[in-house]
Amino acid sequence: MHRNLPQNKEALLKSYTTRLKEDVKSMLENFEEIIKLAKGENDSQLNRMTQIEQDTFEMQVRAANIVNEAITQNSKLFRTKQQECDQKLMSLRDDIAADLYDLEDEYFTSIYK
């Protein structure tokens, strides 16, 4: 039972790391597109006011896609929760081991065995 625990943590951490890399890649792509829009590299035949509105909307959408701060906060939260769980499990293990030792000692010294 205890052997599966580290594998699950590693898989979970790998999943978060993969998701983080994908999100950072998405952020970079969105930022590059915002820069292109600001430079006017994607100008079309639309009249200038319509193009400005379209560019503004696209910048807002792409800016909303940038999620670095939320991912960083979630990663820290999950690492903190993982450490808390590890500490609680270690404490429980130590308590159970001490209780088991006391019970064994009581059993082997009992006159009723």
Assess the residue pair Gln82 and Leu12 against the criterion (side chain to side chain contact (heavy atoms under 4.5 Å, CB included)); give the C-alpha distance rounded to whole Å, side-chain angles, the decisive distance to 0.1 Å, and a yes or no. CA-CA 11 Å; Gln82 178 183 357; Leu12 188 60; over 6 Å; no
**Prompt:** For residues Asn30 and Ser26, is any side-chain donor paired with an opposing acceptor at under 3.5 Å?
**Reply:** yes
**OP:** In sequence, state the C-alpha distance, the side-chain angles, and the governing distance for Glu10 and Lys14, and then conclude on salt bridge (Lys or Arg N to Asp or Glu O under 4.0 Å).
**Re:** CA-CA 6 Å; Glu10 289 177 22; Lys14 187 174 182 178; over 6 Å; no
Open item on the list: Is it the case that over 12 heavy atoms from other parts of the model lie below 6.0 angstrom from the CD atom of Glu104?
Closed with: yes
(message) Could you tell me if the side chain of Leu89 sits less than 4.5 Å from the side chain of Arg93, heavy atoms only?
(response) no
Contacts of Phe78 meeting ring-ring contact (aromatic ring centres under 6.0 Å, His included) (sequence neighbours excluded), chain-then-number -> Tyr16
Separation between CG (Asp95) and CG (Leu100), nearest 0.5 Å, reads 12.5 Å
>> Between Ser15 and Ala11 (side chain of the first, backbone of the second, donor and acceptor by atom type, cut-off under 3.5 Å), is there such a pair?
In response: no
Rounded to the nearest 0.5 Å, the CD atom of Gln60 sits from the CG atom of Asp55 at a distance of 11.5 Å
- Task: Indicate yes or no: does Lys88 engage Glu84 in a salt bridge with an N to O separation below 4.0 Å.
- Result: no
Here the gap from Ser75 atom OG to Leu13 atom CG, rounded to the nearest 0.5 Å, amounts to 8.5 Å
Please lay out, stage by stage, how Asp102 and Glu106 fare under the test side chain to side chain contact (heavy atoms under 4.5 Å, CB included). CA-CA 6 Å; Asp102 291 341; Glu106 187 71 28; over 6 Å; no
Quick one: does any side-chain atom of Thr80 pair with a main-chain N or O of Lys76 as donor and acceptor, under 3.5 Å? yes
d(Glu58 CD, Lys36 NZ) to nearest 0.5 Å is 10.5 Å
Rounded to the nearest 0.5 angstrom, the CE-CD1 distance for Met59 and Ile35 is 8.0 Å
- prompt: Does the side chain of Lys25 reach to within under 4.5 Å of the side chain of Lys21, using non-hydrogen atoms?
  reply: no
Here the gap from Leu28 atom CG to Glu33 atom CD, rounded to the nearest 0.5 Å, amounts to 10.5 Å
For Tyr101, the other hydrophobic cluster members (4.5 Å side-chain criterion, sorted by chain and number) are none
Less than 4.0 Å between a side-chain N and a carboxylate O, is that true for Glu22 and Arg19? no
For Arg62 and Glu29, the nearest pair of non-hydrogen atoms, with its separation, is NH1-O, 4.5 Å
